[in-house]
Amino acid sequence: MSRSDNVCFPKARLGMAVMLGFATGVGLTEGEAEAQEANTEPAATDSAIKLPAVRVRGESPGHDIPNTNETVLDIGRMPTSVRETPQVINVVPQEIIKQQRLYTLDQALANVPGITLSTGEGRGGLNGDQFRIRGQQARGDIYTDGLKDFGTYTRDIFDIENVEVIKGPAGEYFGAANLGGLINETLKKAHDGTSYNYDQAFGNAALYRGQADVNYQISDNVALRVNGMYNQSGTVGRDYVYSNRYGSSVDLGVGLHSKTSWHLNWRWLHTDSVPDYGVGMIQMPNGIYRPITSEGLDRNTTYARSADRDNSDIHSLTSSVKSELASWFTLTNNTRLTKYERNYASTTPGACSGTCTSQFLVGGSPALTYGAGGGAAYLSKGWGAENVLMGNARFDTGSVKHDLKFGVDVNYQDENRYVGTWYGRTNTQTIRNTSHSSNGAYVRFPNANMANSDERDVGLFLSDHIQLTKQLALFGSVRWDAFQSTFAGYQLTTTPLSRQKQNADRWSPSGSIVYSPFKSSSFYFTFSRSYKPIGTDVSSQVTILASDTPQNGADFKPQRSDLFEFGNKTDFFEKRLGLGIAFFQISQNNSYYYDENGDVVTGFSDSGVGLRTRGVELSLTGKITKNWDIYGSYSYMDGRITHSATYDGNQAPGVSHNNFSLWTSYDLSDRVLARGWGSLKVAGGAQYASGYWANGDFANTARIPYQFSLNGMISWEMKHYRVSFNANNITDHLNYASSFSTSRAVPGPGRSFIGNVGLTF
């Protein structure tokens, strides 16, 4: 029996989670209450465009896929909406999350073209949710409501309204890092109205998930929202790996209709999983490495062993205050404090080449080679804090309108990392006939193997949206960051390293010209620049090599990324349908690749290679007809390596030339249901990415095949009840969730089915 067929269900936690889910989902019901939409319409001012209300609650019947151009961004230092931002922003809205039954961040981002992952990452592997955006490393560039989401772990989106991907450098808004873009999650917040929602999902690979969402209006100006979740599942088509998650989130909203409002949010997520590090790559006779499962190995094959684990606890407290002190001036203050801990151990398969290849191709089962000494093990304990204080002034100078934003952003992160020492471990398996027993091996995390890393960033920012005429506007933003990182302790040597320090002070500018010949259409040209000093990825370091940490007296130059983008955003049918098109180029110097442990190979120096990605991106979202909705995007990217004596001109790793994602839904209610029998919807779509060179493969010797997934859904909702059925990867295509160089790749889930029943009161 495979371990995914016998998923670990801790009885105490399961009972607690079930009680929490039902208590918050249906047990609090005292009577029927009408669910009301949250008011996300910004206050109208002389300098702000008044936007239509955007639905943010995805649990009520009858919701449509929105025009994502009109999505309101809950990030104060950015423009109000996607429509007003002169840069590509992909939004995965709540209705898509609901219809597709998306549970984790990496699942949501499968709807966004141009994003790839490294091996194991995103499905509970080595470094958790870490992504490449347009071929640029986005290690650690994940935010929630515009504040850093500290820690590295697999993120469940049970309490998330929307997921936004801001593509291209964004240092002028977010500071150090953000070279290729960033990912932002928008939290579910307390709002007007009282409603109770509960969903129960079942699926193959032992999927069992409950999710509750309760909003209770205490008074006219005060509301409380509680979300709870438990998730227990394996991975379809993968033996012996599973992911158990439990979480809760509470948001208190005060002053909902006042000039001063306050939201206080607490989140907790616990994960108990066995990570999947995939399978090795095999070197074919033509010299190119390919995933060995594409050359005949059973796709179910995993090499995880009983001592492997990925256990984490994340606690986060967020305060958001907004006060309209005058009709022309608003003050905001957002603060987050996060504490996290992660206990991790994995088994890392290595590549097959030479004699191994010849034996395997004739049906043999050669010995499995290992990477990272058999697999990394570490224990991380850290915390982080961030505060953003911002003023927003709206005023006129003659006929010119200004929307001026200025403030200070201070963040700090500190982590103790213990590198594990294995005892009694024997790295003996064969490629075809796997053994999942650790044979009594165990790992310890001695204090002598502890290292401490920290970083602090103080950023001063200023931006102005200058409306010269009704058709012509200028955007200008600039941010000064004083960044410092330090390191001390264990660094794979017997002698602890004394405290090492590195400083980097840089300007991150951006400028845009926006021309709107029509009220519903605008053209823009944007330039922006971001810097990433050494030490920004405190929670992503694994074995803590010297090349990835500060060194006293070393002149480590930050990585730099420049964006040039020309685009258009147009709305049709009274803003029900939105179109976006953009041509872009991102040029990055001092670009680095990472070894099998996730550490920088070459270190931060002027010898780092460059990356250049050029392409075009299109999107179409919203309503085509009364009953027909669409959510689609396509991108073409050409990534090249530059400024490298060895790899100059090669294709950039992790960049798929052609990418598209399409999801469309149709409401059949008028055609097949009698009046009063609710809403019947069918939906379907596909996701595709052409083949690409594996992440970290600058030499272009490891090829990942094309990815394709055909998906469908049918749902029925009436009054308080809803039922849905999803089928994913219907063709059972062998996809790869992530990869790393010539070492390994992780097969993605096979054909899967999810049934869901829900209640709303």
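Nearest approach of Ser530 to Ala177, heavy atoms of both residues: CB-O, 3.6 Å. Residues Tyr524 and Lys569 share a closest heavy-atom pair of CE2-CE, 4.2 Å. The minimum heavy-atom distance linking Ala176 with Phe483 is given by the pair CB-CD1, 4.1 Å. Leu563 and Gly168 get closest at one heavy-atom pair: CD2-CA, 4.1 Å. In plain terms, the two heavy atoms of Ala108 and Val92 that are nearest each other are O-CG2, 3.6 Å.
Here Phe525 and Phe566 keep their ring centres 6.0 angstrom or further from each other. Taking the ring centroids of Tyr143 and Phe174, they lie under the 6.0 Å cut-off.
Side chains of Lys167 and Asn90: a donor-acceptor N/O pair is present below 3.5 angstrom, by distance only. Using modelled atom types, one finds no donor on one side chain facing an acceptor on the other under 3.5 Å when comparing Asp403 with Gln467. Side-chain contact annotation: Asn503 with Gln484, donor-acceptor N/O pair under 3.5 Å present. Between the side chains of Arg245 and Tyr103, no donor-acceptor pair is found at a separation under 3.5 Å. No side-chain donor-acceptor contact under 3.5 Å links Ser528 and Ser510. Under the 3.5 Å distance criterion, with hydrogens and angles disregarded, no donor-acceptor pair is assigned to the side chains of Ser741 and Asp697. There is no side-chain donor-acceptor pair under 3.5 Å between Thr71 and Asn69. Side-chain atoms of Tyr340 and Gln413 include a donor-acceptor pair closer than 3.5 Å. With 3.5 Å as the limit, one finds no donor-acceptor pair spanning the side chains of Asn334 and Asn387. Between Glu164 and Thr186, the side chains place a donor N or O and an acceptor N or O closer than 3.5 Å (distance only, hydrogens not considered). Inspection of the Glu565 and Gln87 side chains reveals no N or O donor paired with an N or O acceptor under 3.5 Å. Inspection of the Ser312 and Asp310 side chains reveals no N or O donor paired with an N or O acceptor under 3.5 Å. For the residue pair Thr338 / Ser316, a side-chain donor-acceptor distance below 3.5 Å is found, with atom types taken as modelled. A donor-acceptor contact closer than 3.5 angstrom links the side chains of Thr486 and Asp454.
By the 30° and 60° cut-offs, the orientation of the rings of His465 relative to Phe475 is parallel. Using the six-membered ring where Trp is involved, Trp480 and Trp507 have ring planes that are tilted, between 30° and 60° apart.
Not one N or O on the side chain of Arg267 forms a donor-acceptor pair closer than 3.5 Å with the backbone of Asn265. No side-chain donor-acceptor contact under 3.5 Å links Asn452 to the backbone of Phe487. No side-chain donor-acceptor contact under 3.5 Å links Asp159 to the backbone of Ser249. A donor-acceptor pair under 3.5 Å links the side-chain atoms of Asn552 to the main chain of Lys501, judged by distance alone. Remark: the backbone N or O of Ala482 is paired with a side-chain donor or acceptor of Arg456 at under 3.5 angstrom. No donor-acceptor pair under 3.5 Å is formed between the side chain of Arg77 and the backbone N or O of Ser463. Proximity of a side-chain donor or acceptor of Ser81 to a complementary backbone N or O of Val72 within less than 3.5 Å is not detected. In this structure, the side chain of Glu455 does not engage the main chain of Gly535 through any donor-acceptor pair within 3.5 Å. Between the side chain of Asn162 and the backbone N or O of Gln94 there is at least one donor-acceptor pair closer than 3.5 Å. Proximity of a side-chain donor or acceptor of Asp156 to a complementary backbone N or O of Phe158 within less than 3.5 Å is detected.
Counting heavy atoms from C-beta outward, Phe461 and Val478 have side chains that stay 4.5 Å or more apart. A 4.5 Å side-chain heavy-atom check between Ile534 and Ser485 finds at least one atom pair inside the cut-off.
Taking Ser635 as the reference, Pro113, Glu617, Met637, Asn659 meet the side chain to side chain contact (heavy atoms under 4.5 Å, CB included) condition, with sequence neighbours excluded. In terms of the side chain to side chain contact (heavy atoms under 4.5 Å, CB included) criterion, residue partners of Asn658 (sequence neighbours excluded) are, by chain and number, Tyr634, Tyr636, Tyr688, Ser690.
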Inset, instruction - Give the C-alpha distance, both sets of side-chain angles, the deciding distance and a yes or no for salt bridge (Lys or Arg N to Asp or Glu O under 4.0 Å) between Asp251 and Lys188. - result: CA-CA 8 Å; Asp251 187 86; Lys188 293 179 177 178; over 6 Å; no
Inset, instruction - Check the pair Lys189 / Asp74 against salt bridge (Lys or Arg N to Asp or Glu O under 4.0 Å), numbers first and verdict last. - result: CA-CA 11 Å; Lys189 297 182 178 62; Asp74 198 9; 2.7 Å; yes
Inset, instruction - Give the intermediate values and the outcome of side chain to side chain donor-acceptor pair (under 3.5 Å) for residues Gln585 and Ser587. - result: CA-CA 6 Å; Gln585 174 178 295; Ser587 299; 3.3 Å; yes
Legend entry - salt bridge (Lys or Arg N to Asp or Glu O under 4.0 Å) between Asp145 and Arg336, intermediate numbers included: CA-CA 10 Å; Asp145 284 350; Arg336 171 165 298 144; 5.2 Å; no
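Cation-pi geometry between Arg529 and Phe527 is not satisfied (NZ or CZ under 6.0 Å from the ring centre, within 45° of the ring normal). Note that Arg134 lies in the cation-pi zone of Phe584, set by a 6.0 Å cut-off to the ring centre and a 45° limit from the axis.
With respect to the salt-bridge test (charged N to carboxylate O, under 4.0 angstrom), the residues Asp409 and Arg479 qualify. Remark: Arg640 does not engage Asp648 in a salt bridge, criterion side-chain N to carboxylate O under 4.0 Å. The pair Lys405-Asp464 does not count as a salt bridge, with every side-chain nitrogen at least 4.0 angstrom from each carboxylate oxygen.
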